[in-house]
Novice: 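This is the structure I have questions about; it appears just below.
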Amino acid sequence: MALLQISEPGQSPQPHQRKNAVGIDLGTTNSLVATVRSGSEVILPDEQGRDLLPSVVHYESEGVSCVGYEAAEHNSSDPLNTLSSIKRLLGRGVADIKTLGDSLPYEFTTDDGGMPKINTVHGAVSPIQVSSEILRKLAGRAELTLGGMLDGAVITVPAYFDDAQRQATKDAATLAGIKVLRLLNEPTAAAIAYGLDAEEFDDESQQRTIAVYDLGGGTFDISILRLSKGVFEVLATGGNSALGGDDFDHAIANWLRTELDMGETLNVYEQRVLLEVAKSTKEELSINNQVELDILDTRLVLTRDCMHQLIDDLIEQTLTACKRSMRDANIKADSIDEVVLVGGSTRMPRVAAKVSELFGLEPKCTIDPDLVVAMGAAKQADVLVGNNSTADMLLLDVIPLSLGIETMGGLTEKIIHRNTTIPVAKAQEFTTFKDGQTAMSIHVVQGDRELVSDCRSLARFELRGIPPMVAGSAKIQVSYQVDADGLLNVSARELSSGVESRIEVKPSYGLSDTEITQMLQDSFSHARDDMRLRALREQQVEADRMLEDLRAAIEKDGQSLLDESELQCLQVTLDELKQLRDNTDDHRQLAAQIEVVGKTSEEFAARRMDASIKQALAGLSLDDALK
Ligand code: ADP
Ligand code: MG
């Protein structure tokens, strides 16, 4: 008799089914898709065997005509409908577009939600739609090669991407029908690709500090990672999402324009042609010492040294950002153990040399700098989807700007400090300012300055239904939670009643990196002024509270408990306090007067206390009173 086989619940008799997981590097210039096969990462090429997919989408009146290399061919002939470098616009608002406008030749319109769209023959398209076309193309390529639907993808983003830019990336993936397992910072992905997490160290500290320098076509990222017992921690990130190889191309194109006497204004077509020549010249100069050009019947020679004069300033900007990140991470260049180069532009010998000089190290570049990010993403996707149960990967990223809340006097109270590793959840308790206050307005701000007006407002919401209580006795717990993708959730809860209110912060558009840099610089250069202003605001809040309390007390008990001269004396000190509160900018002077008022009103306070005890005791026996 045949025995029926019964398997244990959860233990299928079929061999373990691998899931289709990929890593996608959605680049400004080029995008790639990779997967893990037999334990190692491989790039999935297109049918012609090409790894890269240029991040270019061409539109015709019926819709998208092509994506990638084919689309890039329309660059010169149909520039307004050939969309490239769209990652620069992802999650950006109208104001950001203005500052980027010069480098992008498109016409923009703004929809009702404030999202800028690009006008094409097909109509207005959003940066999210364009990005989703690129993602769809890569997912299609992967499904064809893997022979099945995708179970999920890890998509990489620049470390400096803010909330809105990350959200926009996710939206683009959703639009393309891709399940996002996680967004991963590009430099972090590169470190994973190098397997630095699995390395054994022979020294005692068991720690390595790694700088990941990523210079692509449109973005620059620097990350300082610390590796300790197989765990990555991102100590600091910095960079500029509007700086990359494209800017080198622009610098060289400008030189060409001058040499060729082409005048100040070029049409879109001429500009594209110059940029293409500039780009190929630049790339050739990574191998050769000089390039000869025949263009518009003119013969030109560009040497490496000459090109360096055009681009050294731009390289210098990346080094400045590196130094700032090292300062943030509180480390010196000589304590960096390893430097990893990422991004096509690090193929330029000049870039590698400058980076090497800054860190005093020979940078790591054994994995192709174009492919390394996608490979790291694939490795992580494989783990997240459950294919690799032996790997335990703990990855921590950091938030670029502090997240705080507005408190009395227009001051910022930081709840999560910048460069805190994410995911993170922090809570802080606040209280009411007025007696019987039943609602509280929560204002979420981002930035490192002391005054709310110098920070960026992210969201406002109200907590209602607080039971009426004496000022200062309600306990309102405000919690900030930043998930692994860098998205912020804020909730407020009154602890005695349990009333709660929450909000997911999705700003309609994000800050540009230049703004982030500016905000940080401001916070450093204004630190002393800010502290002074903060102290002043605190004293002002204190003065207001004192004025309000004492005036109410005088109204109630002044006549009965104080004689004429005492009352007058108190009035005068109060008037002086009010006068200073409104006019002085010296917090010490205001604090001194607060103390004077405190002293002058001490006796009055004592008498009021006595009076209220007497009143409470009136008619009660001593036993009752002590109960
Ligand atoms: P992104 O991450 O922005 O998509 P990539 O990492 O693919 O960009 O890098 C693209 C940039 O690298 C382009 O500006 C390209 O010109 C530049 N690049 C690629 N190869 C070379 C090379 N050999 N020399 C100099 N620059 C290069
Ligand atoms: Mg890149």
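Atoms within each ligand, like the ligands themselves, are counted from 1 in listed order.
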Novice: Please work out which of Gly217, Ser31, Pro158 has its closest non-hydrogen atom nearest to atom 8 (O) of ligand 1.
Specialist: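 The residue whose heavy atom sits nearest atom 8 (O) of ligand 1 is Gly217.
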Novice: Applying a heavy-atom cut-off of 4.0 Å, say which part of Ser286 lies close to ligand 1: side chain, backbone, both or neither.
Specialist: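 Only the side chain of Ser286 comes within reach of ligand 1.
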Novice: Among all protein heavy atoms, pick out the one at the shortest distance from atom 6 (O) of ligand 1; state its residue, atom name and that distance to 0.1 Å.
Specialist: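 It is Gly344 N, 2.9 Å.
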Novice: Side-chain contact, heavy-atom cut-off 4.5 Å: Met375 with Ile367?
Specialist: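 Yes, at least one pair of side-chain atoms sits under 4.5 Å.
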Novice: Answer yes or no: is there a side-chain heavy-atom contact under 4.5 Å between Pro349 and Arg304?
Specialist: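 With C-beta onward as the side chain, the pair touches.
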Novice: Taking 4.0 angstrom as the limit, do Lys282 and Asp246 come out as a salt bridge?
Specialist: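 Salt bridge absent between Lys282 and Asp246.
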Novice: Measuring from atom 14 (O) of ligand 1, which candidate in Met348, Glu284, Lys282 has the nearest non-hydrogen atom?
Specialist: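 When every heavy atom of Met348, Glu284, Lys282 is considered, Lys282 comes closest to atom 14 (O) of ligand 1.
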Novice: Specify the protein heavy atom at minimum distance from atom 20 (N) of ligand 1: its residue, its atom name, and the distance to 0.1 Å.
Specialist: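 Checked against all protein heavy atoms, atom 20 (N) of ligand 1 sits closest to Arg347 NH1, 3.4 Å.
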Novice: Looking only at non-hydrogen atoms, which of Gly216, Ser85, Pro369 approaches atom 2 (O) of ligand 1 most closely?
Specialist: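 Checking each option, the heavy atom nearest atom 2 (O) of ligand 1 is found in Gly216.
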Novice: At a 4.0 Å cut-off, with the gap strictly under it, does some heavy atom of Gly244 reach an atom of ligand 1?
Specialist: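 No heavy atom of Gly244 comes that close to ligand 1.
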Novice: Using a 4.5 Å cut-off on heavy atoms from C-beta on, say whether the side chain of Glu107 contacts that of Leu80.
Specialist: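 Yes, their side chains come closer than 4.5 Å.
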Novice: Report, in ascending order of atom number, the atoms of ligand 1 lying under 4.0 Å from any heavy atom of Gly218.
Specialist: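 Going through ligand 1 atom by atom, the ones under 4.0 Å from Gly218 are 3 (O).
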Novice: Could you check atom 15 (C) of ligand 1 against the protein and tell me its nearest heavy-atom contact, residue, atom and distance included?
Specialist: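 In this structure, atom 15 (C) of ligand 1 has Glu283 OE2, 3.1 Å as its nearest protein heavy atom.
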Novice: Please name the pair of heavy atoms, one in Ala352 and one in Pro363, separated by the smallest distance, quoted to 0.1 Å.
Specialist: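 For Ala352 versus Pro363, the nearest heavy atoms are O-CG, 4.1 Å.
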Novice: Could you tell me whether Glu270 and Arg257 make a salt bridge, using a distance below 4.0 angstrom between a side-chain N and a carboxylate O?
Specialist: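 Judged by the 4.0 Å cut-off on N to carboxylate O distance, Glu270 and Arg257 do not form a salt bridge.
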Novice: Which of the atoms in ligand 1, numbered in the order shown and given with their element, are less than 4.0 Å from a heavy-atom of Gly27?
Specialist: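 In order of number, 4 (O).
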Novice: Before you tell me yes or no, could you show the steps for Asn185 and Ser223 under side chain to side chain donor-acceptor pair (under 3.5 Å), namely the whole-Å CA-CA distance, both residues' side-chain angles and the distance that decides it to 0.1 Å?
Specialist: CA-CA 9 Å; Asn185 283 346; Ser223 292; 5.9 Å; no
Novice: Below 4.0 angstrom from a heavy atom of Gly245, which ligand 1 atoms are there? Numbered from 1 as shown, please.
Specialist: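 Every atom of ligand 1 under 4.0 Å from some heavy atom of Gly245: 14 (O).
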Novice: Using a strict 4.0 Å cut-off to heavy atoms of Gly343, name the atoms of ligand 1 that fall inside it.
Specialist: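 Those qualifying, in numeric order: 6 (O).
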Novice: Please state which protein non-hydrogen atom is closest to atom 7 (O) of ligand 1 and give its distance, to 0.1 Å?
Specialist: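 Result: Asn30 ND2, 3.1 Å.
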Novice: Under a 4.0 Å heavy-atom limit, does Glu186 contact ligand 1 with its side chain, its backbone, both, or neither?
Specialist: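 It is neither part, as no heavy atom is under 4.0 Å.
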Novice: For a 4.5 angstrom cut-off between non-hydrogen side-chain atoms, does Val130 reach Tyr59?
Specialist: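 A side-chain contact under 4.5 Å exists here.
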Novice: I'd like to know whether the aromatic ring centres of Phe359 and Tyr213 sit less than 6.0 Å apart in this structure.
Specialist: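 Ring centroids of Phe359 and Tyr213 are no less than 6.0 Å from each other.
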